[in-house]
Amino acid sequence: MQTTEYLWDPESVTEDEELPLLRTEKLMLNMGPQHPATHGVLQVILELEGEKILKATPYLGYLHRGTEKIAEAGTYQQVIPLTDRLDYICAMANNWAYVRAVEKLMQVKVPERAEWLRTLVAELSRISGHLFWLGTQALDIGAMTVFFYTFREREVLLDVFERICGARLTNSYMRIGGVEKDIDDWCIEQLRGFLETFQARVDEYDTLLQDNRIWILRTKDIAVITGEDAINFGLSGPSIRGSGVNYDLRKAEPYGYYDRLDFEVPLGTKGDTYDRYYIRVREMEQSAHMVQQLLDNMPEGPYMSEDPKLVRPDKVLVNMSMEAMIQHFKVVCHGFDVPKGETYCGTECPKGELGFYIVSDGSGNPYKLKIRAPSYVHLGALDHMSRGYMIADIVTVFGSYDVVMGECDR
Amino acid sequence: MTDVTSNEIVDKVLAAFPGRVRSHKMFAGEPYLSIDKDGLRDVCLLLRDDPDLAFDYPVEVTAVDYPDDAERFEVIHVLWSITHRRRVVVKSRVSEGDCTVASVADIWKGANFMERETYDMYGIVFEGHPDLRRIMMTDDFEGWPLRKDFPIEGHGWREQFDFIPQVGD
């Protein structure tokens, strides 16, 4: 076989040394789009030198459904179910990110109880999202047991979601101006039971992973990104906080109930995969702490705004009064007009900052709706973060962003 | 909601580039700056490097299509400052005939993918971008999907079946 390139110059080798016959050649390797560790359909073309990654080029768009184009044709409420399909692991948080953006544009005041319910379900979905991440990340690396444990806990939360809104994954729970339904005593009881055991469960995950020799070898000093680079690349959520940058919109721009809650933002030091893992586990503890505080301070009152433009009237009224029927018809068929203007609104979702840039031309449909998906922005840093590491690490690199391709490709 | 029309961010940019800023407004406490596209890089560098502004975090790059306007596209840069915890939106207009704008991918590396998506969806060319290719659509895709004149209903396989009633039958 033809020798193409030498690691070192053969001319420089002295007579008595043996001439090395190592052939080095760049290898292009295709990974995906159908690959179990890509959490959807992602293709990465890897340029390798032996086992070392020289370059990783992600090819996106396999799950592109044109959400932004569809949104332009529908009313503002019709976008809510579409947001479920972005990050289908924690749909509650996506719903909130969208309705907050519309409410910011319309300057709607949301009732206290609705804010409380939203914060509660968003933190529950953060726990469930991080549980899902922990299970699948461990599974990608080869530890199967953690997956079964985390899904056991996640099931409790999904049952609560099912009780609240009738769906386990695609929740569509939020409405513009409030939430769809109130929470009942059964859920509160379930959640209290969940919180009683949750800390012990987290300790259980820690015993499985935290000091696990294989886990540490596979995650420590892998995919290191400095805080400066993380900011420059626009990383968000646990991915930027792993590098020690204190960027959390819940603290930076408090919304919902967060200004009344006592919680800490865990920060990493090194910015490697282990730090990002560690932060997510600590965030679950903080979220559980927040849920506890929320359950202890439950406000009473309406859970939906009373603005007749936004809400459908009571069904009994629709059957009896003409005005209510007109209102019902108007809200369902036409939606509502949003004042002319534009705004950006970012929300701290489990994966990072999920933002919506909405332009309204004063009609009932969004003129333009742009989704700033954290997974998409994170994949922009994939090449930077995987260069120089081994081929086996590529799975941990994009696993550590918590990538969900539904959100990335939209 | 405050009724201020300006703040120190706007004042600073106005002082540095008085001729570049076309208009500015405030919404929900955040400034929106409309600037000439030739001054985009200068304004972006000022926004990033001035320690009082320090907009070091790229949030979003996107565009809006206004087919009836002379300068059809509006390119939007949303920026955030980690130190000062505030946001700014920079908007610049691009016409269909000269559909180019300067790339800021070397100022914020994260803008690389965002500009690629904007190019893919609107066909706006970012000059100086290191790797301007389609990202969501396939390489051989024709047309720019998020432009307003892109058809939502196309000629698809359904039209081949005569048992499905067609529009206009």
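In what follows, chains carry the letters A, B, and so on, assigned in the order in which the sequence lines appear, proteins first and then strands, with residues in each chain numbered from 1. These numbers come from the heavy atoms of this one structure, side chains and all, not from hydrogens, waters or symmetry mates.
Taking CD of E68(A) as the start and CE of M136(B) as the end, the distance is 7.5 Å to the nearest 0.5 Å. The CG atom of L79(B) lies 11.0 Å from the OH atom of Y344(A); values are rounded to the nearest 0.5 Å. From L249(A), atom CG reaches atom CZ of R85(B) across 9.5 Å, with rounding to the nearest 0.5 Å. In this structure, the separation between CZ on R134(B) and CG on L60(A) is 14.0 Å, given to the nearest 0.5 Å. Note that CD of E117(B) is 8.0 Å distant from NE2 of H64(A), once rounded to the nearest 0.5 Å. The distance from the CD1 atom of I76(B) to the NZ atom of K370(A) is 10.5 Å, given to the nearest 0.5 Å.
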Using the rule given for side-chain contact (heavy atoms from CB on, under 4.5 Å), can you reason through T62(B) versus K368(A), listing the C-alpha separation, both sets of side-chain angles and the distance that settles it, and then say yes or no? CA-CA 10 Å; T62(B) 184; K368(A) 150 104 191 158; 3.1 Å; yes
Does the pair V245(A) and Y57(B) meet the rule for a side-chain contact (heavy atoms from CB on, under 4.5 Å), with working shown? CA-CA 11 Å; V245(A) 181; Y57(B) 185 85; over 6 Å; no
side-chain contact (heavy atoms from CB on, under 4.5 Å) for E72(A) and L146(B)? Distances and angles first, verdict last. CA-CA 10 Å; E72(A) 286 175 13; L146(B) 276 183; 4.0 Å; yes
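Y32(B) is listed as a side-chain neighbour of T343(A), based on a closest heavy-atom distance under 4.5 Å.
In this structure, the portion of P145(B) lying under 4.5 Å from any heavy atom of chain A is its backbone and not its side chain. I70(A) does not touch chain B: none of its heavy atoms, backbone or side chain, sits under 4.5 Å away. With a threshold of 4.5 angstrom between heavy atoms, R87(B) approaches chain A through side-chain atoms but not through N, CA, C or O.
With hydrogens and angles ignored, the 3.5 Å screen pairs no side-chain donor or acceptor of Y357(A) with any backbone N or O of A63(B).
Around atom CD of E264(A), no more than 12 heavy atoms belonging to other residues, nucleotides or ligands sit under 6.0 Å away.
In this structure, K104(A) forms no cation-pi arrangement with F27(B), as its terminal cationic atom is not both closer than 6.0 Å to the ring centre and no more than 45° off the ring axis.
W80(B) and Y247(A) have tilted rings, their planes meeting at an angle from 30° to 60° on a 0 to 90° scale.
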